[in-house]
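Have a look at the structure below before the remarks.
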Amino acid sequence: MTDALPLLGFGLPVAGSWATPATIGRVARRAEALGYAALWTFQRLLRPDDADLEPAHRAVLDPVVALTLAAARTTRIGLGTATICAPFTPPVVLAKTLTSLDVVSGGRLTAGLGIGWLPQEYAAAGVPFERRGARMEEYLRCLLALWTQDPVEFSGEFYTVPRSRTGPPPVQRPHPPVLLGGTAAPALRRAGRLAQGWIGSSRHDPATIADCVAAVRDGAREAGRDPGAVRIVVRGVVDLVDRDPGGTRRPLQGTREQVLDDLAALRARGVTEVFLDLNLSPRVSAADADEHASLDHAEHVLDVFAPVRRPQ
């Protein structure tokens with residue numbers, strides 16, 4: 001059964017009442033002790049009053065700050081962002097921030113980046129919403145130059161870096177793995193062409209995710225890269241229950257055995273990694289959710305799906 005499952009990670013507490021320093025540290029240490037592959041965070045700058053967003057987006061910690069705290073409480077587990085909306089921050093600033101996290105964590109960072117989709121966030125960040133795809137393509141080229149060139153010099157339509165030195169370099173060479181989000185065909189191909197993999201959202205239909213995986217791998221193949229080496233990471237909003245919920249069951253909702261079957265199905269469709277994320281779970285993200293009850297539930301989920309406790 002173990003070989004049929006993707007690598008499992010866990011969503012760090014970053015949204016809602018349970019996103020506290022104590023809970024972040026406790027979940028991080030427990031996930032590491034149980035053999036989870038990585039801890040993951042996400043970014044939400046604001047929740048516009050006129051936008052229909054999930055309750056979890058009311059209050060969200062900065063993803064890098066939360067991961068830095070988790071890095072200080074652990075020694076081995078990976079640290080990932082799923083995702084940071086890259087265009088909101090100049091490439092030189094993001095490169096320095098992520099490099100610093102890679103250095104202080106001893107080389108454990110995976111940089112999951114997205115293009116963003118909320119116009120209000122673009123407005124608040126002072127970045128044009130138009131031509132997001134072209135901007136993202138250049139952003140990635142600039143970011144990789146900042147990570148791999150010394151001295152670095154970059155001149156493009158959107159970004160310029162005068163000839164400079166920007167040390168220290170990341171611990172991981174030539175740079176931390178970069179994964180890209182996105183659902184449109186160009187974004188999927190971009191992930192295969194320019195990055196080390198793709199991050200799917202919690203809203204992806206598991207039945208069609210194989211098509212997304214194929215598009216990402218086609219992009220890698222077209223760029224002369226190994227499509228089999230591409231990482232495919234999916235956020236899984238797990239809802240663990242004691243009894244079979246019946247015909248209305250959604251993917252990753254159900255008993256331990258049902259959720260394990262769902263994870264195996266994702267692996268069969270080409271998904272290499274899934275991180276179980278309770279930040280978007282109604283029982284954790286509700287306005288009246290109790291911090292301690294959320295932590296108890298998270299520790300139960302961590303224990304039930306612990307990689308080191310599953311039959312080998």
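- Residues V14 and A19 share a closest heavy-atom pair of C-CB, 3.4 Å.
- At distances below 3.5 Å, not a single donor-acceptor pair connects side-chain atoms of R73 with backbone N or O atoms of A70.
- Pairs engaging residues 175-194 under the side chain to side chain donor-acceptor pair (under 3.5 Å) rule: E137-R190, E137-R193 [sequence neighbours left out].
- Checking side-chain atoms of T89 against main-chain N and O of A86 turns up no donor-acceptor pair under 3.5 Å.
- Looking only at side-chain heavy atoms (C-beta outward), P21 and L69 come within less than 4.5 Å of each other.
- Looking at Q196, its side chain does come within 3.5 Å of a backbone N or O of V178 through a donor-acceptor pair.
- Using a 30° and 60° split on the angle between ring planes, Y122 and F129 fall in the perpendicular class, above 60°.
- A side-chain hydrogen bond (donor to acceptor under 3.5 Å, both in side chains) with W18 is found for one member of D290, N279, T23 and no other, namely N279.
- Test W40, Y36, F10 against F275 for ring pair (Phe, Tyr, Trp, His ring centres under 6.0 Å) and you get one pass: W40.
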Between Y159 and F154, does a ring-ring contact (aromatic ring centres under 6.0 Å, His included) hold up when you go through it step by step?
-> CA-CA 8 Å; Y159 305 107; F154 187 89; 7.6 Å; no

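- Under the 3.5 Å distance criterion, the side-chain polar atoms of D277 are left unmatched by any main-chain donor or acceptor of V237.
- In this structure, F42 has its ring center closer than 6.0 angstrom to the ring center of H57.
- No donor-acceptor pair under 3.5 Å is formed between the side chain of E273 and the backbone N or O of P6.
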